[in-house]
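Lettering of chains follows the sequences in order, A, B, ..., and the numbering in each one begins at 1.
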Amino acid sequence: MEIKIFNSLTDKVETFVPLRPHEVSIYVCGPTVYNNPHVGNLRPVVVFDVLRRLFTYLGYKVRFVSNYTDVDDKIINRAISENVSEEEISRRYIKSFNEVVNAVNALRADVAPKVTEHIPDIIRYIEVLLENNAAYVVDGDVYFRVASIANYGELSNINIDDLISGARVEENSKKESPLDFVLWKKTTLGINWESRWSKGRPGWHTECCVMINSLFPDGKIDIHGGGFDLKFPHHENEIAQSKAHNGNSIATYWMHNGFINFGEDKMSKSLGNVILAKDVIDRFGGNVIRLVLLGTYYRSPLTFSSEVMAAAKVEFEKIENSYRQLAVALQLDNVSLNDENKPDIEIFLHHLASDLNTPNAITELFAIIKKANGALRQKPLDYLVLKKIFLEIKAMLNILGLKVDYPLLNTEDKKIFADYLKRKADKNFAESDRLRQILMAKRIL
RNA sequence: GGUUCCUUAGCCAAGUGGUAAGGCAAUUGACUGCAACUCAAUGAGCGUCGGUUCAACUCCGAUAGGAACCUCCA
């Protein structure tokens, strides 16, 4: 199946062509681990998780890397204010981040590198940039020379002259141009390392380049993802560095997810008063937040509110009920829940392959759910149809990363169910209600 | 100041140059021993103004409102 992706680099929907046949390499900028993740942090996690699952389902060998930025001013400031090490801060919030990733049922990255594990690589990388005359040293700082590469601004569609004229008054006059950015920052405040330029630490923009360079052949990947805000300057600078270092622009396709707006909870938007991912997950569960995040096209802004969450909760329960009833019905008739054949979910896949149109894919899921509910009320039940639908829904849920459980019935369960039906038929409602309670407690009914 | 983007029914949200998917909520009805689940029916002409076109919600321009980036926030 042909996969279409909106490439932020060209601002066009393009047909995906991998660097290597049947393989896809994806790198998503991960979190700066200085705080507990908020709802906004979940969006790239979920969006790129679905992208990854789609590629996997379509038979690609996927290599998915997402980093932790564990060297950063905010981490250092936090470490200082709490009087603990940066490592302690990072460890705490990496843990917090992964708890959230697990809670929304996102697959863990194949590799999740940390900046602190790549310092020698970073230093070597900067050396090459210096050798290539794309960087310069001033008083122990190293800067990237933006003027050394062609087409700076191509990703964000920014004209260099506009940028310069719009640039704020630079306090740092050491740079040749206000657009130049720090590769290595001389400092003894907070965590730092020795280099031949100074004691200091790497700039933010270099780490992703270095990790991609270290972890992927030729330092080039198929898809680079991240939040919209990273487009400029972060991703623009990655392209610039990679051009100067490897002569390539680091990624073929760039994908940027939109931001989350807060509807009625607007008061929470002000800084320091964001909605923590954990709080939402505790209240609604990972599946519901996932459904909300996938209910809007990934490039569009998403409105988040308790009303939206409540609606998604109802929707998810619908999915859950139907899927569970299918599984129970099939088991009661001793039909196997497994099948070697690939289910026919072409329309669903088509939507996802159309630049990850998850809203339309979900619409397709609801269409099948409706079909399932109809089939479940047919008498007699058509088990071939039920099984076909069950397997289709199962595949869809899997690709969307929705985790829906169903009970596995043992012989006793089946006996209780048969008794329940019999008592009900005999109009022994007291007894049938009692059995119904048992079945409901086991989530069979 | 520079750049980019958004505006579709009460709410969320797809979509296409040829007369608007889906979901939630609401109303009505059906099923049912009761309950849960479920099913069916009902609503907008796409911010405003103008232009291009046989035809625009979809293209162009203007205007109003909102947002993002240019300041190491997903």
Exercise for the section: Kindly indicate whether the side chain of A/Arg436 and the base of B/rA36 share any N or O donor-acceptor pair separated by less than 3.5 Å? Expected result: no
Practice task
Indicate, yes or no, whether a donor-acceptor pair under 3.5 Å links the base of B/rC37 to the side chain of A/Arg377.
Solution key: yes
Handout entry: Partner nucleotide, any strand, of B/rA20 [Watson-Crick/G-U, under 3.5 Å]
Key = none
Exercise for the section: Assess A/Arg423 against A/Phe429: is NZ or CZ under 6.0 Å from the centre of the six-membered ring, and within 45 degrees of the ring's axis? Expected result: no
Practice task
Decide yes or no, distance alone: a donor-acceptor N/O pair under 3.5 angstrom between the base of B/rA74 and the side-chain of A/His38.
Solution key: yes
Practice task
Respond yes when some side-chain nitrogen or oxygen of A/Lys370 is under 4.0 Å from OP1 or OP2 of B/rG23, and no when none is.
Solution key: yes
Exercise for the section: Would you tell me if any nitrogen or oxygen in the side chain of A/Ser300 comes within less than 4.0 Å of OP1 or OP2 on B/rA14? Expected result: yes
Practice task
Compare side-chain N and O positions of A/Asn237 against OP1 and OP2 of B/rC72 and report whether any pair is under 4.0 Å apart.
Solution key: no
Problem - Pairing partner of B/rU71 (Watson-Crick or G-U wobble, both distances under 3.5 Å) - result: none
Problem - Phosphate-side-chain proximity, A/Lys313 and B/rC24, N/O vs OP1/OP2 below 4.0 Å - result: no
Exercise for the section: Look at the side chain of A/Arg201 against the base of B/rC72 and say whether a donor-acceptor pair falls under 3.5 Å; ignore hydrogens and angles. Expected result: no
Handout entry: B/rC39 phosphate, OP1 or OP2, under 4.0 Å from A/Asn373 side-chain N/O
Key = yes
Exercise for the section: Choose from B/rG22, B/rG23, B/rA74 the nucleotide whose nearest atom is closest to any side-chain atom of A/Thr363. Expected result: B/rG22
Exercise for the section: Ignoring backbone atoms, test whether A/Lys231 places a side-chain nitrogen or oxygen under 4.0 Å from the OP1 or OP2 oxygen of B/rU3. Expected result: no
Handout entry: hbond_proxy A/Asp433 side chain to B/rG33 base (donor-acceptor, 3.5 Å cutoff)
Key = yes
Exercise for the section: Please determine if A/Arg78 forms a cation-pi arrangement with A/Tyr34, meaning its NZ or CZ atom is less than 6.0 Å from the six-membered ring centre and no more than 45° off the ring axis. Expected result: no
